[in-house]
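Order of the sequence lines fixes the chain letters, A, B, ..., with proteins taken first and strands second; residue numbering starts at 1 for each chain.
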There are 2 protein chains.
Amino acid sequence: MDADKVFKALADPTRRRLLDMLCEKNGQTLGQLCDHLDMARQSATQHLGILEAANLVSTVRHGREKLHFINPVPLHDVYERWVKKFEHRRLSLLHDLKQELEGE
Amino acid sequence: MDADKVFKALADPTRRRLLDMLCEKNGQTLGQLCDHLDMARQSATQHLGILEAANLVSTVRHGREKLHFINPVPLHDVYERWVKKFEHRRLSLLHDLKQELEGE
DNA sequence: ATAATATGCAGGTAAATACCTGCATGTCAA
DNA sequence: TTGACATGCAGGTATTTACCTGCATATTAT
């Protein structure tokens, strides 16, 4: 997993919206996805390209249509690498700050 | 939680590195954190400001020093909102793509 | 075949981003 | 109190990003 690509892909609200749309209904075409966005088709294409480069979305050509599918694996990897680690130490990390605020 | 701020904060490798450093040793000063980065102090300050604005880091002044503490809560929120959802449907989402690739 | 449809590709621009330098302020210690 | 140290603040620049318009290509349906 290229963590940088995944995080950068997730940094844009339009791209998070696209993932949400695909989660609602997987395998949508570019056109279908565009219909729910307030921007030119070409802009959406770029966003989908970034999601695909991050491996968050896989595509399949179906005649003249391009179907988009979510790939949940990178998100799971993000969890494993980034959230779980801090999650595990969650209480102790908060404890550090609390102690500092209380003046040791 | 301001999801956009959190995701944008996580989108930069330097900022992820800073979070890692604080996870290793919580409550470090600006100077300590800078020592491990290959950039000017002022640049690091900006990164830490972004992390603080996203509520991923909290700070406490201690005389002339500024101590930085991780706040793991937003990361947990990201998990709840973004990862868990896709995680739950992980297998079914992959199934969609597999079926499409196999020609229905 | 041809028209309508779905997508691809090539630039072009304005705003955001990640750096930097230079100087100011505040705190500690001798 | 004065010098050293830790951080704050104000710009300035080069790159990246998120849009756009215009045109090309490929597929389906009449």
Side-chain angles (χ1 to χ4, degrees), chain A residues 2-22 25-54 56-69 97 100-101 103-104, chain B residues 2-22 25-54 56-69 97 100-101 103-104:
Chain A
D2 186 331
D4 198 57
K5 281 188 182 174
V6 173
F7 277 112
K8 283 202 162 69
L10 292 172
D12 186 272
T14 300
R15 292 195 284 270
R16 293 196 299 275
R17 181 111 183 276
L18 283 166
L19 289 181
D20 265 342
M21 281 190 233
L22 289 177
K25 184 176 185 310
N26 213 3
Q28 294 190 66
T29 67
L30 171 58
Q32 287 177 308
L33 293 168
C34 280
D35 287 343
H36 298 284
L37 297 179
D38 190 29
M39 62 177 61
R41 173 183 55 82
Q42 289 88 337
S43 306
T45 302
Q46 286 188 324
H47 285 301
L48 287 165
I50 288 168
L51 288 170
E52 201 172 348
L56 283 160
V57 162
S58 297
T59 60
V60 180
R61 296 272 339 197
H62 223 255
R64 63 179 163 183
E65 294 181 328
K66 188 174 187 179
L67 307 183
H68 297 77
F69 294 85
L97 176 58
E100 188 60 37
L101 287 172
E104 230 73 2
Chain B
D2 185 332
D4 198 57
K5 281 188 183 175
V6 174
F7 277 113
K8 283 202 163 69
L10 291 172
D12 185 272
T14 300
R15 292 194 284 270
R16 293 196 299 276
R17 180 111 183 278
L18 283 166
L19 289 181
D20 265 343
M21 281 190 232
L22 288 177
K25 184 176 185 309
N26 213 4
Q28 294 190 65
T29 67
L30 170 59
Q32 287 176 307
L33 293 168
C34 280
D35 286 344
H36 298 284
L37 296 179
D38 191 27
M39 62 177 61
R41 171 183 56 81
Q42 289 88 337
S43 305
T45 301
Q46 284 186 325
H47 285 300
L48 286 165
I50 290 168
L51 289 170
E52 201 172 346
L56 284 161
V57 162
S58 297
T59 59
V60 180
R61 297 268 346 192
H62 223 254
R64 64 181 162 181
E65 293 181 330
K66 189 175 186 179
L67 307 183
H68 297 77
F69 294 85
L97 175 59
E100 188 62 37
L101 287 173
E104 230 73 2

**Message:** Please report the distance, rounded to the nearest Å, between CG in L10(A) and P in dT17(D).
**Reply:** 14 Å
**Prompt:** Quick one: do the E100(B) and H62(A) side chains pair a donor with an acceptor below 3.5 Å?
**Reply:** yes
**Item:** Distance test, side-chain N/O of R15(A) to OP1/OP2 of dA18(D), below 4.0 Å
**Value:** yes
**Request:** Flag the pair R17(A) / H36(A) as yes when at least one side-chain heavy-atom distance between them is below 4.5 Å, and no otherwise.
**Result:** yes
**Asked** Should L37(A) and M21(A) count as side-chain neighbours, where that means a heavy-atom distance under 4.5 Å?
**Response** yes
**Request:** In whole angstrom, give the distance that lies between atom CG of L48(A) and atom C1' of dC9(C).
**Result:** 16 Å
**Request:** Grab the CG-C1' distance between D4(A) and dT17(D) for me, whole Å please.
**Result:** 14 Å
**Asked** Do any side-chain nitrogens or oxygens of S43(A) fall under 4.0 Å of OP1 or OP2 in dC20(D)?
**Response** yes
**Prompt:** Are T59(B) and L30(B) close enough, and set up right, to give a side-chain contact (heavy atoms from CB on, under 4.5 Å), and what steps lead you there?
**Reply:** CA-CA 10 Å; T59(B) 59; L30(B) 170 59; over 6 Å; no
**Request:** Would you mind reporting whether L48(B) and L51(B) have side-chain heavy atoms less than 4.5 Å apart?
**Result:** yes
**Message:** Output the rounded distance in Å from NZ (K8(B)) to P (dT17(C)).
**Reply:** 6 Å
**Asked** Which residue pairs pass the salt bridge (charged side-chain N to carboxylate O under 4.0 Å, His left out) test with at least one member in residues 32-47 of chain B, sequence neighbours excluded?
**Response** none
**Request:** Decide yes or no, distance alone: a donor-acceptor N/O pair under 3.5 angstrom between the base of dT5(C) and the side-chain of R64(A).
**Result:** yes
**Request:** Indicate, yes or no, whether a donor-acceptor pair under 3.5 Å links the base of dG8(C) to the side chain of Q46(A).
**Result:** no
**Prompt:** Given atom NZ of K66(B) and atom C1' of dA6(D), what is their separation to the nearest angstrom?
**Reply:** 11 Å
**Asked** Between the base of dG8(D) and the side chain of R61(B), is there any donor-acceptor pair under 3.5 Å?
**Response** no
**Fill in**
Between D12(A) and R41(B), whichever has its closest DNA chain D nucleotide further toward 5' is R41(B)
**Asked** Taking atom P of dA18(D) as reference, at what distance in whole Å does atom CZ of R16(A) sit?
**Response** 11 Å
**Message:** What is the distance, to the nearest angstrom, from the NE2 atom on H68(A) to the C1' atom on dA6(C)?
**Reply:** 11 Å
**Prompt:** Where along residues 29-40 of chain A does a heavy atom come under 4.0 Å from DNA chain D, residue by residue in number order?
**Reply:** M39(A), A40(A)
**Complete:** Taken to the nearest whole Å, CD/E65(A) to C1'/dT25(D) is 16 Å
**Prompt:** Any side-chain N or O of H47(A) under 4.0 Å from OP1/OP2 of dC19(D)?
**Reply:** yes
**Request:** Establish whether the base of dG22(C) is bridged to the side chain of Q42(B) by a donor-acceptor pair shorter than 3.5 Å.
**Result:** yes
**Message:** Could you report the tightest heavy-atom contact between G27(A) and L67(A), atom names first, then the distance?
**Reply:** O-CD2, 3.6 Å
